[in-house]
K.L.:
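Quick one: the structure is below, and I'll ask about it shortly.
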Amino acid sequence: MTMPNALLQTMNTILERFGRATIDLATFRDHCDVPLSILFRNVGMSESEVAAVDRDDGAIFHDTYEPLADKADLRVGARTMLELGVKKRPRPSS
């Protein structure tokens with residue numbers, strides 16, 4: 001699984017939870033925006049539905065997304081870039 005697919009699967013789980021039709025990857029890409037509340041509105045969710053998703057620091061979203069993201073593959077070279085960033089990060093002075 002890739003990160004965009006994990007996000008799409010999360011989005012579709014949330015849409016289904018509110019009785020809405022799921023979306024495909026093309027629709028997701030066409031409407032994707034941040035913060036994610038904009039994405040939810042872009043695919044037709046009501047303000048009360050968006051508020052429900054945002055409640056408890058987005059628990060509905062994170063409870064679905066995090067297990068999927070943990071299994072997602074990184075793009076080629078991403079792990080190396082992350083490791084380099086950690087190595088080059090300035091050390092806090094004591």
Side-chain angles (χ1 to χ4, degrees):
M1 175 172 293
T2 63
M3 292 302 262
N5 287 338
L7 192 51
L8 174 63
Q9 188 172 342
T10 301
M11 185 73 197
N12 281 331
T13 299
I14 290 169
L15 289 169
E16 287 176 333
R17 183 173 182 161
F18 289 98
R20 296 192 170 270
T22 59
I23 58 173
D24 61 16
L25 188 56
T27 302
F28 173 80
R29 287 181 174 153
D30 286 345
H31 296 286
C32 191
D33 208 338
V34 288
L36 290 177
S37 58
I38 297 171
L39 169 61
F40 298 136
R41 287 183 196 95
N42 286 346
V43 296
M45 291 179 70
S46 70
E47 289 299 321
S48 64
E49 291 169 333
V50 172
V53 173
D54 285 343
R55 201 172 3 259
D56 297 325
D57 293 325
I60 293 172
F61 176 86
H62 290 287
D63 289 350
T64 305
Y65 177 75
E66 296 300 331
L68 297 171
D70 283 344
K71 298 175 191 169
D73 297 326
L74 294 174
R75 289 182 177 249
V76 174
R79 186 168 309 282
T80 301
M81 293 301 294
L82 291 169
E83 289 169 354
L84 286 172
V86 168
K87 288 178 185 175
K88 292 187 178 201
R89 181 178 52 204
R91 303 276 184 228
S93 56
S94 314

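Since this is a predicted model, take the numbers as computed values, not measurements.
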K.L.:
Do the non-hydrogen side-chain atoms of Val34 and Leu39 ever get within less than 4.5 Å of each other?
P.N.:
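They are not in contact (no side-chain heavy atoms under 4.5 Å apart), so the answer is no.
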K.L.:
Closest approach of Met11 and Val43, non-hydrogen atoms and distance?
P.N.:
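Scanning both residues, the minimum pair turns out to be CE-CG2, 3.3 Å.
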K.L.:
Among the clusters formed by ILVMFWY side chains lying less than 4.5 Å apart, do Leu15 and Leu25 turn up in the same one?
P.N.:
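Yes.
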K.L.:
Do Met45 and Val53 make a side-chain contact, defined as non-hydrogen atoms from C-beta onward lying under 4.5 Å apart?
P.N.:
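They are in contact (side-chain heavy atoms under 4.5 Å apart), so the answer is yes.
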K.L.:
Is Glu49 close to Ile14 at the side-chain level, that is, under 4.5 Å between some pair of heavy atoms?
P.N.:
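They are not in contact (no side-chain heavy atoms under 4.5 Å apart), so the answer is no.
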K.L.:
Ignoring hydrogens, what is the shortest heavy-atom contact between Ala69 and Ala6? Give both atom names and the distance.
P.N.:
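Heavy-atom minimum between the residues: N-CB, 4.2 Å.
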K.L.:
Minimum heavy-atom separation for Ala52 to Phe18, with atom names?
P.N.:
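Heavy atoms only, the tightest pair is CB-CZ, 3.8 Å.
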K.L.:
Is the shortest heavy-atom distance from the side chain of Phe61 to the side chain of Leu7 under 4.5 Å?
P.N.:
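Side-chain contact under 4.5 Å: yes.
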K.L.:
Let me confirm one number: the OG1-CD distance from Thr64 to Gln9, rounded to the nearest 0.5 Å.
P.N.:
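Between Thr64 OG1 and Gln9 CD, I get 9.0 Å after rounding to 0.5 Å.
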K.L.:
Between CG of Asp24 and CG of Leu8, what distance do you get to the nearest 0.5 Å?
P.N.:
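So the gap between those two atoms works out to 8.0 Å.
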K.L.:
Has Arg41 got a side-chain atom pairing as donor or acceptor with Glu47's backbone, closer than 3.5 angstrom?
P.N.:
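No; zero donor-acceptor contacts below 3.5 Å.
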K.L.:
Any donor-acceptor pair under 3.5 Å linking the side chain of Thr27 with the backbone of Ile23?
P.N.:
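No, the answer is negative, given that no donor and acceptor are paired below the 3.5 Å cut-off.
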K.L.:
Under the rule for side chain to side chain contact (heavy atoms under 4.5 Å, CB included), what residues qualify as partners of Thr22, not counting sequence neighbours?
P.N.:
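Residues passing side chain to side chain contact (heavy atoms under 4.5 Å, CB included) with Thr22: Asn12, Glu16.
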